[in-house]
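Just so it is clear: chains get the letters A, B, ... in the order the sequence lines come, proteins before strands, and each one is counted from 1.
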Amino acid sequence: MSVDPELLDDLRARGLVQDSTDPAELADRMAAGPIKAYVGFDPTADSLHVGNLVGLLMLRRFQDAGHHVIVLAGGATGMVGDPSGKSSERSLQSDDQLAENIAGILPQLRQFLDFERPGNPATLLDNRAWTVGMSYLDFLRDIGKYVTVNQMTAKDSVRSRMESSDGISYTEFSYMLLQAHDFAWLYEQEGCHMQMGGSDQWGNIVTGIDLIRKKVGGQGLGLTFPLLTKPDGTKYGKTAGGDTIWLSAAKFSPYAFYQTWINAEDGEIEKLLLRLTLLPVEEIRATMAEHNEAPHKRVAQTRLAVELTSLVHGADAMAGAREASAAVFGGSVAHLSEDALEMLSSELPTFSTSRDVLGQEAAFVPLLTEAGITASNSEANRLLKQNGLSVNDVKVPVDHVIATADLLHGRYAAIRKGKKHLSLLRFDH
RNA sequence: GGGUCGGUGCCCGAGUGGCCAAAGGGAGCGGACUGUAAAUCCGCCGGCUUCGCCUACGGAGGUUCGAAUCCUCCUCGGCCCA
């Protein structure tokens with residue numbers, strides 16, 4: 001099986017290499033033939049989010065280039081909690097919660113890789129398999145003996161926690177050993193010689209490489225990619241509103257997902273295309289050139305939204321999201337057919353309510369709150385005062401009475417909050 | 001354990017008896033301008049039956065006509081000493 005010799009250069013061109021072990025050796029090993037690499041994901045929630053996407057795609061890039069990849073679910077490490085990037089101790093997850101989270105992320109971990117590919121099928125492993133049965137004494141003798149506390153406390157995230165008043169529990173302090181053990185185990189048992197991760201994982205990865213050297217006498221490889229950050233420097237994974245951009249359609253709708261990327265700002269778009277899509281670099285450059293010719297056409301944003309939504313939610317869901325977007329932002333919602341509205345109701349936040357309120361004085365404001373369009377009646381009143389609400393694309397006054405005349409096809413009302421937030425009310429009982 | 005300083009709205013952070021629903025900044029929301037962009041500007045930004053009322057400044061009591069502001073106890077945290 002031959003490998004794509006361009007992979008490492010491609011990763012560099014995309015800005016996906018933050019740190020790596022000896023670059024020359026890395027290049028040699030990757031060019032010499034298929035190498036086996038892994039990325040681990042801890043089940044901290046019942047879904048992965050965009051922040052995890054970079055790592056998943058990293059594996060995908062390796063697989064596509066002919067390498068072997070292992071995606072590791074952190075069934076064991078998730079029980080302990082990685083202190084990296086965390087300013088305070090986290091509470092442990094209950095067994096039930098953990099099981100639920102694993103069940104949620106496993107399909108997502110599978111989704112981006114090909115487990116049937118002839119020659120180099122991907123492998124999914126759970127570190128619980130080789131950790132759960134290990135006795136504490138064995139762990140201390142076989143792993144702990146090789147790692148000095150000096151080395152562990154040198155790590156920034158550990159150090160800052162040690163200096164903070166809350167301190168760091170022995171449990172979280174030990175996390176790094178578990179991860180190092182994983183790497184060593186995979187090295188020995190699976191012939192997996194390389195670990196990748198976000199830049200906050202560098203310390204954990206290096207600890208694993210040290211362990212491999214001391215315990216097995218082997219030479220592990222490590223590579224980290226930059227964490228995806230927003231223009232303000234904060235981690236990606238959250239929308240402007242502070243909601244996490246989940247990969248699960250149930251937690252973050254394909255429409256909302258699509259819209260997130262459509263709204264990406266110009267200054268970010270090239271970086272996002274490079275790191276979050278599999279589009280060839282030259283094609284991205286060409287898209288950017290086209291975009292810069294006529295920025296208002298938002299070619300790059302559309303490209304990003306289409307690519308990413310298809311990748312994460314599939315072509316059908318992407319098409320639905322795109323149509324909904326076109327309907328919402330393309331023209332007047334009021335002219336849509338009943339079928340189109342029906343379709344929209346599955347994409348947009350839709351609230352089903354009773355026809356009783358129609359024509360009632362002062363029923364509109366509480367309805368908005370009940371429907372979750374506004375957080376409180378006060379907010380609804382405020383928005384109305386500020387001219388920020390429209391029904392079927394017509395701005396409505398403070399004393400608006402929702403009535404039969406507001407209904408589209410006898411049962412829908414499209415409520416727009418500001419410019420971008422469209423919800424549907426459905427009066428069907 | 002002793003001493004000392006502190007816990008304010010989503011976050012940071014002013015406020016030491018009435019003019020405090022509480023300065024200022026950030027975030028967020030609406031509006032204008034645009035390209036569903038960025039930047040900028042304007043407005044809003046606890047709740048409610050909104051000229052007023054209710055809830056709120058770690059918790060519980062108390063002093064006072066009146067407390068985020070004073071007192072007592074509790075609780076949590078910083079720092080210093082042991």
Side-chain angles (χ1 to χ4, degrees), chain A residues 87-89 91 160-168 229-245 253-273 287-288 290-306 308-309 321-333 344 347-349 360-391 393-401 414-423:
Chain A
S87 57
S88 61
E89 183 85 11
S91 48
S160 66
R161 286 280 297 281
M162 286 178 68
E163 284 164 0
S164 87
S165 54
D166 299 334
I168 178 170
T229 52
K230 292 189 284 193
D232 63 7
T234 57
K235 269 198 205 180
Y236 233 98
K238 305 271 187 187
T239 62
D243 300 323
T244 302
I245 306 171
S253 81
Y255 169 78
F257 190 82
Y258 185 90
Q259 279 296 318
T260 300
W261 309 112
I262 282 289
N263 278 304
E265 56 189 80
D266 288 11
E268 287 289 287
I269 198 80
E270 183 169 25
K271 182 175 88 185
L272 295 171
L273 279 168
T287 299
M288 286 313 296
E290 188 186 345
H291 174 84
N292 292 329
E293 286 290 307
H296 59 277
K297 288 186 178 164
R298 315 169 72 80
V299 175
Q301 277 88 346
T302 307
R303 195 75 204 266
L304 177 67
V306 167
L308 258 182
T309 310
R322 186 167 55 184
E323 281 172 45
S325 297
V328 173
F329 294 99
S332 171
V333 188
L344 272 182
E347 302 290 334
L348 300 176
Q360 265 185 41
E361 293 276 333
F364 190 46
V365 164
L367 178 60
L368 291 170
T369 305
E370 197 195 348
I373 295 169
T374 52
S376 66
N377 292 355
S378 293
E379 190 195 327
N381 281 317
R382 211 180 289 138
L383 275 165
L384 285 164
K385 225 176 283 176
Q386 293 182 135
N387 212 19
L389 276 171
S390 42
V391 176
D393 283 329
V394 178
K395 299 271 186 184
V396 295
V398 183
D399 56 358
H400 183 69
V401 174
I415 312 294
R416 192 185 294 265
K417 178 182 151 198
K419 254 187 296 197
K420 301 184 190 175
H421 304 284
L422 192 73
S423 309

Which one is paired to [N], where only Watson-Crick or G-U wobble pairs with both distances under 3.5 angstrom count?
| N | answer |
| --- | --- |
| B:G28 | B:C44 |
| B:G77 | B:C5 |
| B:C51 | none |
| B:C70 | B:G62 |

Work out how far the [atom1] atom of [N] is from that of [M], and round it to whole angstrom.
| N | M | atom1 | answer |
| --- | --- | --- | --- |
| B:G17 | B:G30 | C1' | 38 Å |
| B:C5 | B:U16 | C1' | 15 Å |
| B:G15 | B:G6 | C1' | 15 Å |
| B:U49 | B:C11 | C1' | 33 Å |
| B:C12 | B:U8 | P | 7 Å |
| B:C44 | B:G24 | P | 11 Å |
| B:G13 | B:G59 | C1' | 23 Å |
| B:G9 | B:A14 | P | 13 Å |

- Message: Using side chain to side chain contact (heavy atoms under 4.5 Å, CB included), reason through A:Phe364 and A:Val391 one step at a time and then give a plain yes or no.
- Response: CA-CA 11 Å; A:Phe364 190 46; A:Val391 176; 3.7 Å; yes
- Output yes when A:Glu379 and A:Arg382 qualify as a salt bridge under the 4.0 Å nitrogen-oxygen rule, no when they do not.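 Answer for the salt bridge query: no.
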- Base, sugar-phosphate, or nothing: which does A:Gly267 touch, judged by heavy atoms less than 4.0 Å apart?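 Result for A:Gly267 = nothing.
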- Query: Contact class for A:Lys417 (heavy atom, under 4.0 Å): base, sugar-phosphate, or nothing?
  - Reply: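 Sugar-phosphate: the residue A:Lys417, judged by heavy atoms under 4.0 Å, touches backbone atoms but no base.
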What nitrogen or oxygen pairs link the protein and nucleotides 32-36 of chain B at under 3.5 Å?
residue	atom	partner	partner atom	Å
B:U34	O4	A:Lys419	NZ	2.3
B:G35	O2'	A:Arg298	NH1	3.2
B:G35	O6	A:Asp266	OD2	3.2
B:G35	N1	A:Asp266	OD1	3.3
B:G35	N1	A:Asp266	OD2	2.6
B:G35	N2	A:Asp266	OD1	2.6
B:G35	N2	A:Gln301	NE2	3.4
B:G35	N3	A:Arg298	NH1	3.2
B:U36	O2'	A:Asn263	OD1	2.3
B:U36	O2	A:Gln259	OE1	2.9
B:U36	O2	A:Asn263	OD1	3.2
B:U36	O2	A:Asn263	ND2	3.3
B:U36	N3	A:Gln259	OE1	3.0
B:U36	N3	A:Gln259	NE2	3.4

Are any protein N/O atoms closer than 3.5 Å to N/O atoms in nucleotides 51-53 of chain B? If there are, list each pair with its distance.
none

- Message: Counting only side-chain heavy atoms from C-beta out, which of B:U49, B:G47, B:G43 sits nearest to A:Ser376?
- Response: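 Given the options B:U49, B:G47, B:G43, the side chain of A:Ser376 is closest to B:G47.
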- Query: Counting only heavy atoms not in A:Lys297, do more than 12 fall under 6.0 Å of its NZ?
  - Reply: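 Check fails, neighbour count at 12 or below.
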Roughly how far, to the nearest 0.5 Å, is the [atom2] atom of [Y] from the [atom1] atom of [X]?
| X | Y | atom1 | atom2 | result |
| --- | --- | --- | --- | --- |
| A:Ser325 | A:Leu422 | OG | CG | 11.0 Å |
| A:Leu368 | A:Ile373 | CG | CD1 | 5.0 Å |
| A:Leu304 | A:Glu270 | CG | CD | 12.0 Å |
| A:Tyr258 | A:Leu308 | OH | CG | 11.5 Å |
| A:Leu272 | A:Arg303 | CG | CZ | 14.5 Å |
| A:Leu389 | A:Arg416 | CG | CZ | 11.5 Å |

- Check RNA chain B against residues 361-374 of chain A and give the residues with a non-hydrogen atom under 4.0 Å, in numerical order.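 Correct list: empty, so none.
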Find the distance [X]:[atom1] to [N]:[atom2] and express it as a whole number of Å.
| X | N | atom1 | atom2 | result |
| --- | --- | --- | --- | --- |
| A:Leu383 | B:C44 | CG | C1' | 9 Å |
| A:Glu268 | B:A39 | CD | P | 11 Å |
| A:Glu270 | B:A38 | CD | C1' | 16 Å |
| A:Leu272 | B:A37 | CG | C1' | 13 Å |
| A:Leu389 | B:C29 | CG | P | 14 Å |

- Task: Any chance you could lay out the side chain to side chain contact (heavy atoms under 4.5 Å, CB included) test for A:Asp266 and A:Gln301, step after step, and finish with the verdict?
- Result: CA-CA 8 Å; A:Asp266 288 11; A:Gln301 277 88 346; 3.0 Å; yes
- Message: With a 3.5 Å cut-off and heavy atoms only, can you find an N or O donor on one side and an acceptor on the other between the side chain of A:Gln386 and the base of B:G43?
- Response: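 For A:Gln386, whose side chain was compared with the base of B:G43, there is a donor-acceptor pair (under 3.5 Å).
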- Message: Apply side chain to side chain contact (heavy atoms under 4.5 Å, CB included) to residues A:Lys420 and A:Phe329 and explain how you reach the verdict.
- Response: CA-CA 8 Å; A:Lys420 301 184 190 175; A:Phe329 294 99; 4.3 Å; yes
- May I ask you to evaluate whether A:Asn381 reaches the phosphate of B:G47, defined as a side-chain N or O under 4.0 Å from OP1 or OP2?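 The answer is no; no side-chain N or O of A:Asn381 sits under 4.0 Å from OP1 or OP2.
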- Message: Restricting to non-hydrogen atoms, name the atom on A:Ala362 and the atom on A:Pro366 that form the minimum distance, rounded to 0.1 Å.
- Response: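 It is O-CD, 3.4 Å.
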- Where is the tightest heavy-atom contact between A:Arg298 and A:Asn263, given as atom of each residue plus distance?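 Distance-wise, the nearest heavy atoms are NH2-CA, 4.1 Å.
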